[in-house]
Every structure is written in C-alpha cells, then in structure tokens.
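These notes concern the structure reproduced below.
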Amino acid sequence: MNKTLGFIGSGNVSGTLARLAVAAGLDVVLSNSGGPESLADLVAELGPRARAATPAEAADLVVVSIPLGAYEKIPAEPLAGKIVIDTLNYYPERDGRVAELDANELTTSELVQRHLADSRVVKAASNIVSSQLFSLARPSGAPDRSAMPIAGDDAAAKAEVVELPDILGYDVVDIGTLADSWRSEPGTPVYGKAYYGEVPKDVSLDKTMEWIFQTPDVPVPADRVRELTATVVRGTAGGRLSVDAWI
C-alpha cells in the first residue's frame, strides 16, 4: 500500500493507528479540532512521515476517530468520494441519547454514512482498546496474530481497507454491511474484552481501565472473531466501560 493515511481526531485510537502506520512505512496526515499547532508534539514523536493539517486537506484513506456526539462536525464536502474508516462508538453517557441508535433503527456507522453521503464508509478498528490495539499488532503469518472485524456497504472500499489492517498488524474478518456493524459495537462479545480477558472481581469499577491498560493482551485469531460476531444477539445500544480507552 503506497497511500497517505489521514486522521480526523487525535485521541488514543488515532494516535495508536498513526504510530503503527508510520512504523509500517506509511505517511500520515493528522488533524483535530484544535488545529495543526496542537499536534506539534505528536508530529514530532512520529517523525518525518507525519504532518499536521486541517481536516479538509487530502489523504487517500481517512480515519475518523472522534466522539460520536460530534459526528455532524465531520467535514462532508472535503471527504466526498473518499474512503472513510469509521472507528466511532456510541456511549450515551458521553454522547447523549440518540433515539435511532437506542431503538436499533440504525448502527453508528449507518449514521456516519448518512452524514457522509458522498463518501464510502467502512467500519474498522473500533472494537479494540488502544493499548491492546498497539501491543497485539503482529507481522503477517505470525502464529499469535489477532484479527479485527470490518463492515461496509461498498465492496471495493472494503477490499481496499482490508490492506490497511494487514499492514498495521492484523488479519480481517468481514462481518457484512454497515447494517451488520452492530456485531462489533459496545456490549458485544468481540468488543474490548475478547482482547484483554475477564477483569478480576477484586478490581473496582474505577480501576478497571487502569487494569485493562496494564494487563497482558490476549490474541484473538480470525476464527474466534468470526465465531464471536456470528453468534452474538443484538441488545441495547451503548457500552458500559469508560470511554477513555477509545477516544
């Protein structure tokens, strides 16, 4: 893949994906609501393959990683015709209630696709805590390589996006269309816990995220991801863990 990877949002997930991308030899363009100046430290850390820009500046693939409550602020016109990798998750305690999501009338990715009507949205890299997202990355063919689910309505866009996780260190399991992407949303078996295991009962709720960031990762191969996403039953939208690990 000889492409530039763009980022809208500069939180934990974006920073982790940017680090993996630079390590894999890709160029990255970073943007956030604070403007290019606020990204100086991250750009310096990433080195010469990284630069800061505004969301309107072009990249071949664009990763969006912001709170879902701000999805309508994603600039639609500059992203027209582009492949947008959606990592957004719905946390009602942070984002406020969204009736269509609570009623399971839409998935979060369908909501993003509706806003970005002229873009090709693919759901990916949304179900792994940022610490595990970094530490679980493995070269192609490694026996302990993990997989992540992806979903999208555009087959050609999905085929192109599949290359990116492979370069960054992951196998991919196609779980269907954006309407099927709920299978990797908060509260499902493949979301978070599969990659870090059961939180011990003696770990208090306010210490849970600290434990997750410090615990050894658990490789989740493609067959296991396929099993977890195929057998899940749809429940109530919205996660229960702290949102700090994802944004």
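When a residue number appears, it is its place in the shown sequence, counting from 1. Given the structure is predicted, the values throughout are model-derived calculations rather than measurements.
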Of D86, T16, T87, which is the lone residue that meets side-chain hydrogen bond (donor to acceptor under 3.5 Å, both in side chains) with S65?
->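 Output: one option passes, namely T87.
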
Over 12 non-hydrogen atoms of neighbours within 6.0 angstrom of CZ in F134 |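 Result for CZ/F134: open.
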
Is the number of heavy atoms from other residues, nucleotides or ligands under 6.0 Å of D206 CG greater than 12?
->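 Yes.
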
Which atoms form the tightest heavy-atom contact between [X] and [Y], and what is the distance?
| X | Y | answer |
| --- | --- | --- |
| W211 | Y196 | CH2-O, 3.6 Å |
| V190 | P149 | CG1-CG, 4.4 Å |
| D95 | G69 | OD1-N, 3.1 Å |
| A156 | R120 | CB-NH1, 4.2 Å |
| L101 | L106 | CD2-O, 3.4 Å |
| E72 | H115 | O-CE1, 3.3 Å |

Would you say the side chains of [X] and [Y] form a donor-acceptor pair under 3.5 Å?
| X | Y | answer |
| --- | --- | --- |
| N127 | S184 | no |
| D27 | T4 | no |
| K123 | T108 | yes |

Could you tell me whether the side chain of [X] and the main chain of [Y] form a donor-acceptor pair under 3.5 Å?
| X | Y | value |
| --- | --- | --- |
| T208 | S204 | yes |
| E160 | L61 | no |
| K158 | G176 | yes |
| S119 | V121 | no |

Within one Ile-Leu-Val-Met-Phe-Trp-Tyr cluster: V22 and L30, side-chain cutoff 4.5 Å |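 Yes; tracing contacts between hydrophobic side chains, which count when under 4.5 Å, links both residues.
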
Would E100 and R114 pass as an ion pair if we require N to O under 4.0 Å?
->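 Salt bridge flag = yes for R114 with E100.
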
Please, which pairs that meet ring pair (Phe, Tyr, Trp, His ring centres under 6.0 Å) have at least one residue in residues 150-178, sequence neighbours excluded?
->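 Pairs touching residues 150-178 that pass the test: none.
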
What residues form a side chain to side chain donor-acceptor pair (under 3.5 Å) with R145, not counting sequence neighbours?
->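 Expected list: D166, D171.
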
Single hit among L133, V173, V220, V225 for side-chain contact (heavy atoms from CB on, under 4.5 Å) with M148 =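 Testing M148 for a side-chain contact (heavy atoms from CB on, under 4.5 Å) against L133, V173, V220, V225 leaves exactly one candidate, L133.
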
